[in-house]
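So the structure is just underneath, and the comments pick up after that.
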Amino acid sequence: MPKHPLFPLTIPGGTRQSPINIQWRDSVYDPFLKPLKISYDPTTCLHIWNNGYSFLVEFDDSADRSIIVGGPLENQYRLKQFHFHWGAINEWGSEHTVDSKFYPAELHLVHWNAVVYPTFEEAVMEGNGLAVIGVFLKLGAHHEGLQMLVDALPAIKHKDAVIEFDVFDPSCLIPSCPDYWTYAGSLTTPPLTESVTWIIKKQPIEVDENQLEAFRMLLFTSDGEEEKRMVDNFRPLQPLMNRTVRSSFQ
Ligand SMILES: CC#CCNS(=O)(=O)c1cc(S(N)(=O)=O)ccc1C(=O)O
Ligand SMILES: [Zn+2]
(Lines give C-alpha, C1' and ligand atoms only; values in the text may rest on other atoms or scores of the structure.)
(Ligands and ions follow the chains in the order given, each with its own letter.)
Protein backbone atom coordinates (compact mmCIF):
# COMPACT_ATOMS: atom_id res chain seq x y z
CA MET A 1 0.00 0.00 0.00
CA PRO A 2 1.53 3.34 -1.05
CA LYS A 3 2.19 6.11 1.51
CA HIS A 4 0.20 9.30 1.10
CA PRO A 5 2.45 12.35 0.71
CA LEU A 6 -0.43 14.42 -0.59
CA PHE A 7 -2.35 15.66 2.43
CA PRO A 8 -2.82 15.40 6.21
CA LEU A 9 -3.89 12.03 7.50
CA THR A 10 -6.02 13.28 10.38
CA ILE A 11 -8.14 16.33 11.16
CA PRO A 12 -7.93 17.20 14.88
CA GLY A 13 -11.39 16.63 16.44
CA GLY A 14 -12.79 15.10 13.23
CA THR A 15 -15.82 12.88 13.95
CA ARG A 16 -17.19 12.32 10.43
CA GLN A 17 -14.19 11.93 8.12
CA SER A 18 -14.13 10.18 4.73
CA PRO A 19 -13.50 7.76 3.12
CA ILE A 20 -14.67 4.74 5.17
CA ASN A 21 -15.02 1.01 4.76
CA ILE A 22 -18.68 0.10 4.14
CA GLN A 23 -19.35 -3.13 6.04
CA TRP A 24 -22.37 -4.42 4.09
CA ARG A 25 -23.82 -6.42 7.02
CA ASP A 26 -23.59 -3.39 9.37
CA SER A 27 -25.47 -1.04 7.02
CA VAL A 28 -29.08 -0.40 8.06
CA TYR A 29 -31.91 -0.48 5.51
CA ASP A 30 -33.92 2.77 5.75
CA PRO A 31 -37.35 2.39 4.08
CA PHE A 32 -37.84 6.17 4.23
CA LEU A 33 -34.92 6.83 1.85
CA LYS A 34 -36.27 8.08 -1.48
CA PRO A 35 -34.94 7.21 -4.92
CA LEU A 36 -32.22 9.63 -6.02
CA LYS A 37 -33.42 11.83 -8.90
CA ILE A 38 -30.64 12.93 -11.28
CA SER A 39 -31.29 15.63 -13.92
CA TYR A 40 -28.15 16.79 -15.73
CA ASP A 41 -28.09 19.19 -18.70
CA PRO A 42 -25.13 18.07 -20.85
CA THR A 43 -24.63 21.60 -22.21
CA THR A 44 -23.67 22.85 -18.70
CA CYS A 45 -20.31 21.09 -19.21
CA LEU A 46 -17.44 23.63 -19.35
CA HIS A 47 -13.95 22.08 -19.45
CA ILE A 48 -11.78 19.18 -18.36
CA TRP A 49 -8.53 19.88 -16.50
CA ASN A 50 -5.64 18.40 -14.53
CA ASN A 51 -5.49 20.10 -11.11
CA GLY A 52 -2.33 18.26 -10.04
CA TYR A 53 -4.31 15.86 -7.86
CA SER A 54 -6.89 14.31 -10.22
CA PHE A 55 -8.56 15.25 -13.50
CA LEU A 56 -11.91 16.92 -13.26
CA VAL A 57 -14.78 18.01 -15.49
CA GLU A 58 -16.38 21.26 -14.32
CA PHE A 59 -19.92 22.45 -14.93
CA ASP A 60 -21.71 25.80 -15.08
CA ASP A 61 -23.36 25.87 -11.64
CA SER A 62 -24.72 29.44 -11.91
CA ALA A 63 -28.30 28.11 -12.14
CA ASP A 64 -30.30 24.97 -11.30
CA ARG A 65 -29.65 23.25 -14.64
CA SER A 66 -27.80 20.11 -13.54
CA ILE A 67 -29.20 18.95 -10.22
CA ILE A 68 -29.89 15.97 -7.97
CA VAL A 69 -32.78 15.71 -5.50
CA GLY A 70 -34.39 13.04 -3.31
CA GLY A 71 -32.41 10.15 -1.86
CA PRO A 72 -31.26 11.22 1.65
CA LEU A 73 -31.26 14.89 0.64
CA GLU A 74 -33.53 17.60 2.14
CA ASN A 75 -32.86 20.03 -0.71
CA GLN A 76 -31.81 19.85 -4.35
CA TYR A 77 -28.07 20.14 -5.00
CA ARG A 78 -26.26 21.58 -8.05
CA LEU A 79 -23.55 19.66 -9.95
CA LYS A 80 -20.21 21.48 -9.76
CA GLN A 81 -17.65 18.94 -10.95
CA PHE A 82 -16.75 15.29 -11.18
CA HIS A 83 -13.34 13.65 -10.79
CA PHE A 84 -11.78 10.25 -10.11
CA HIS A 85 -9.37 8.50 -7.71
CA TRP A 86 -7.32 5.51 -8.85
CA GLY A 87 -4.34 3.27 -8.06
CA ALA A 88 -1.04 2.39 -9.72
CA ILE A 89 -2.38 -1.17 -10.13
CA ASN A 90 -5.86 -2.72 -10.24
CA GLU A 91 -5.60 -4.07 -6.65
CA TRP A 92 -6.45 -0.69 -5.16
CA GLY A 93 -7.42 2.86 -6.13
CA SER A 94 -10.91 3.54 -4.76
CA GLU A 95 -11.36 5.73 -1.68
CA HIS A 96 -14.28 3.83 -0.15
CA THR A 97 -14.12 0.06 0.28
CA VAL A 98 -16.94 -2.49 0.56
CA ASP A 99 -16.29 -5.24 3.08
CA SER A 100 -12.64 -4.10 2.93
CA LYS A 101 -12.47 -4.65 -0.83
CA PHE A 102 -10.83 -1.92 -2.93
CA TYR A 103 -11.95 -1.18 -6.49
CA PRO A 104 -9.37 0.00 -9.05
CA ALA A 105 -10.97 3.46 -9.21
CA GLU A 106 -13.84 5.59 -7.88
CA LEU A 107 -15.82 8.43 -9.53
CA HIS A 108 -17.04 11.36 -7.42
CA LEU A 109 -19.77 13.72 -8.65
CA VAL A 110 -19.69 16.82 -6.40
CA HIS A 111 -22.91 18.81 -5.82
CA TRP A 112 -23.65 21.77 -3.52
CA ASN A 113 -26.73 23.05 -1.68
CA ALA A 114 -27.53 26.27 -3.57
CA VAL A 115 -31.00 26.38 -1.98
CA VAL A 116 -29.53 27.22 1.43
CA TYR A 117 -26.05 28.65 0.67
CA PRO A 118 -25.20 31.57 -1.68
CA THR A 119 -21.85 30.17 -2.85
CA PHE A 120 -20.08 26.80 -3.19
CA GLU A 121 -17.30 28.05 -0.88
CA GLU A 122 -19.82 28.67 1.89
CA ALA A 123 -21.54 25.32 1.30
CA VAL A 124 -18.16 23.56 1.67
CA MET A 125 -18.06 24.76 5.31
CA GLU A 126 -21.55 23.52 6.31
CA GLY A 127 -22.76 20.10 7.49
CA ASN A 128 -25.43 19.87 4.76
CA GLY A 129 -23.51 21.86 2.19
CA LEU A 130 -22.36 19.14 -0.22
CA ALA A 131 -23.63 15.87 -1.69
CA VAL A 132 -21.16 13.59 -3.47
CA ILE A 133 -22.25 10.56 -5.52
CA GLY A 134 -19.58 7.85 -5.47
CA VAL A 135 -19.45 5.24 -8.22
CA PHE A 136 -16.98 2.34 -8.14
CA LEU A 137 -15.11 1.39 -11.33
CA LYS A 138 -14.30 -2.30 -11.83
CA LEU A 139 -12.19 -3.98 -14.50
CA GLY A 140 -14.38 -5.40 -17.24
CA ALA A 141 -15.97 -4.33 -20.49
CA HIS A 142 -15.06 -1.19 -22.41
CA HIS A 143 -17.12 1.82 -21.27
CA GLU A 144 -18.26 3.91 -24.26
CA GLY A 145 -19.23 7.01 -22.24
CA LEU A 146 -15.92 7.03 -20.33
CA GLN A 147 -13.99 6.79 -23.61
CA MET A 148 -14.91 10.40 -24.46
CA LEU A 149 -13.06 11.47 -21.28
CA VAL A 150 -10.16 9.07 -21.92
CA ASP A 151 -9.68 10.53 -25.43
CA ALA A 152 -9.19 13.98 -23.87
CA LEU A 153 -6.57 12.90 -21.28
CA PRO A 154 -3.43 13.16 -23.46
CA ALA A 155 -4.22 16.87 -23.93
CA ILE A 156 -4.23 17.43 -20.11
CA LYS A 157 -1.24 15.24 -19.22
CA HIS A 158 0.39 17.94 -17.08
CA LYS A 159 -0.78 19.84 -13.98
CA ASP A 160 -2.90 22.93 -14.85
CA ALA A 161 -3.56 21.81 -18.44
CA VAL A 162 -7.18 22.47 -19.45
CA ILE A 163 -9.24 21.91 -22.57
CA GLU A 164 -12.74 22.90 -23.62
CA PHE A 165 -15.33 20.17 -23.08
CA ASP A 166 -18.60 21.37 -24.54
CA VAL A 167 -21.19 18.64 -24.16
CA PHE A 168 -21.01 15.68 -21.81
CA ASP A 169 -23.77 13.97 -19.81
CA PRO A 170 -22.23 12.40 -16.68
CA SER A 171 -25.43 10.34 -16.23
CA CYS A 172 -23.78 7.85 -18.61
CA LEU A 173 -21.25 7.12 -15.84
CA ILE A 174 -23.91 6.30 -13.22
CA PRO A 175 -25.17 2.69 -13.02
CA SER A 176 -28.86 2.10 -13.73
CA CYS A 177 -29.36 0.14 -10.48
CA PRO A 178 -30.95 2.58 -7.99
CA ASP A 179 -29.40 0.98 -4.88
CA TYR A 180 -27.03 3.08 -2.75
CA TRP A 181 -25.49 3.45 0.70
CA THR A 182 -25.47 6.87 2.38
CA TYR A 183 -23.61 8.33 5.37
CA ALA A 184 -22.47 11.68 6.79
CA GLY A 185 -18.84 12.36 5.91
CA SER A 186 -16.26 14.83 4.67
CA LEU A 187 -14.23 15.96 1.71
CA THR A 188 -11.35 13.56 1.17
CA THR A 189 -9.03 16.38 0.09
CA PRO A 190 -8.23 19.67 1.81
CA PRO A 191 -10.03 21.43 3.40
CA LEU A 192 -11.38 17.97 4.55
CA THR A 193 -14.47 19.75 5.90
CA GLU A 194 -17.29 17.63 7.34
CA SER A 195 -19.86 18.89 4.88
CA VAL A 196 -20.59 15.90 2.63
CA THR A 197 -23.65 13.67 2.43
CA TRP A 198 -22.10 10.67 0.67
CA ILE A 199 -24.28 8.62 -1.69
CA ILE A 200 -22.31 5.53 -2.73
CA LYS A 201 -23.84 3.47 -5.55
CA LYS A 202 -23.93 -0.27 -4.81
CA GLN A 203 -23.37 -1.31 -8.44
CA PRO A 204 -19.99 -0.50 -10.04
CA ILE A 205 -19.53 0.48 -13.67
CA GLU A 206 -17.21 -1.61 -15.85
CA VAL A 207 -14.21 -0.10 -17.63
CA ASP A 208 -11.42 -1.88 -19.51
CA GLU A 209 -7.66 -2.07 -18.78
CA ASN A 210 -6.74 0.47 -21.48
CA GLN A 211 -9.12 3.00 -19.93
CA LEU A 212 -7.61 2.55 -16.46
CA GLU A 213 -4.09 2.77 -17.96
CA ALA A 214 -5.06 6.08 -19.59
CA PHE A 215 -5.76 7.52 -16.10
CA ARG A 216 -2.30 6.37 -15.01
CA MET A 217 -0.47 8.23 -17.80
CA LEU A 218 -1.54 11.56 -16.34
CA LEU A 219 1.07 13.45 -14.32
CA PHE A 220 0.97 15.18 -10.90
CA THR A 221 3.69 17.47 -12.27
CA SER A 222 3.70 20.51 -14.52
CA ASP A 223 5.30 20.62 -17.95
CA GLY A 224 9.09 20.91 -17.56
CA GLU A 225 9.19 19.38 -14.05
CA GLU A 226 10.55 15.90 -13.35
CA GLU A 227 7.61 13.61 -14.29
CA LYS A 228 5.61 11.99 -11.48
CA ARG A 229 2.81 9.69 -12.68
CA MET A 230 -0.62 10.55 -11.28
CA VAL A 231 -1.51 7.34 -9.41
CA ASP A 232 -2.65 6.41 -5.87
CA ASN A 233 -4.47 9.74 -5.43
CA PHE A 234 -6.79 8.35 -2.76
CA ARG A 235 -6.99 9.16 0.96
CA PRO A 236 -6.54 6.37 3.53
CA LEU A 237 -9.65 4.94 5.24
CA GLN A 238 -10.91 6.96 8.22
CA PRO A 239 -12.53 5.69 11.46
CA LEU A 240 -16.32 5.19 11.33
CA MET A 241 -16.67 6.52 14.90
CA ASN A 242 -20.29 7.10 15.93
CA ARG A 243 -21.88 6.73 12.45
CA THR A 244 -24.34 4.39 10.80
CA VAL A 245 -24.28 3.68 7.08
CA ARG A 246 -27.84 3.44 5.72
CA SER A 247 -28.85 1.47 2.65
CA SER A 248 -31.69 2.22 0.23
CA PHE A 249 -32.11 -1.51 -0.39
CA GLN A 250 -32.74 -4.65 1.68
C1 LIG B 1 -12.92 25.10 -1.05
C2 LIG B 1 -13.04 23.72 -1.49
C3 LIG B 1 -13.17 22.63 -1.86
C4 LIG B 1 -13.33 21.25 -2.28
N5 LIG B 1 -13.52 21.20 -3.70
S6 LIG B 1 -14.38 19.96 -4.32
O7 LIG B 1 -15.53 19.73 -3.51
O8 LIG B 1 -14.62 20.27 -5.70
C9 LIG B 1 -13.41 18.54 -4.26
C10 LIG B 1 -13.94 17.41 -3.63
C11 LIG B 1 -13.19 16.23 -3.56
S12 LIG B 1 -13.90 14.82 -2.79
N13 LIG B 1 -12.93 13.57 -3.05
O14 LIG B 1 -13.97 15.08 -1.37
O15 LIG B 1 -15.17 14.60 -3.45
C16 LIG B 1 -11.93 16.15 -4.09
C17 LIG B 1 -11.39 17.27 -4.73
C18 LIG B 1 -12.13 18.47 -4.83
C19 LIG B 1 -11.50 19.63 -5.52
O20 LIG B 1 -11.39 20.74 -4.92
O21 LIG B 1 -11.08 19.43 -6.67
ZN1 LIG C 1 -13.07 12.59 -4.73
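Counting starts at 1 for both ligands and their atoms, following the listed order. From a predicted model like this one, the values you see are computed outputs, not experimental measurements.
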Heavy-atom contacts with F120 under 4.0 Å: which atoms of ligand 1 show up? List them by number with element. 5 (N), 6 (S), 7 (O), 8 (O)
How long is the span from the CH2 atom in W181 to the CZ atom in R246, to the nearest 0.5 Å? 15.0 Å
For ligand 1, which part of V110 has a heavy atom less than 4.0 Å away: the side chain, the backbone, both, or neither? side chain
Is it the case that the ring center of F55 lies less than 6.0 angstrom away from the ring center of F84? yes
Sub-4.0 Å heavy-atom approach of K80 to ligand 1: no
Measure up the F82 and F168 rings against each other and bin them: parallel (under 30°), tilted (30 to 60°), perpendicular (over 60°). tilted
Of the protein's non-hydrogen atoms, which lies at the shortest distance from atom 2 (C) of ligand 1, and what is that distance? P191 CD, 3.8 Å
Does a donor on one side chain sit under 3.5 Å from an acceptor on the other, for N21 and Q23? yes
Short N/O distance, under 3.5 Å, between S186 and ligand 1? no
Please confirm whether E121 comes under 4.0 Å of ligand 1, counting heavy atoms of the residue only. no
Does any N/O atom on H85 come nearer than 3.5 Å to any N/O atom on ligand 1? yes
Quick check: does any side chain N or O of R216 sit under 3.5 Å from a backbone N or O of W86, one acting as donor and the other as acceptor? no
Based purely on interatomic distance, does Q81 place a nitrogen or oxygen under 3.5 Å from a nitrogen or oxygen of ligand 1? yes
Does the separation of the ring centres of H108 and W198 fall below 6.0 angstrom? yes
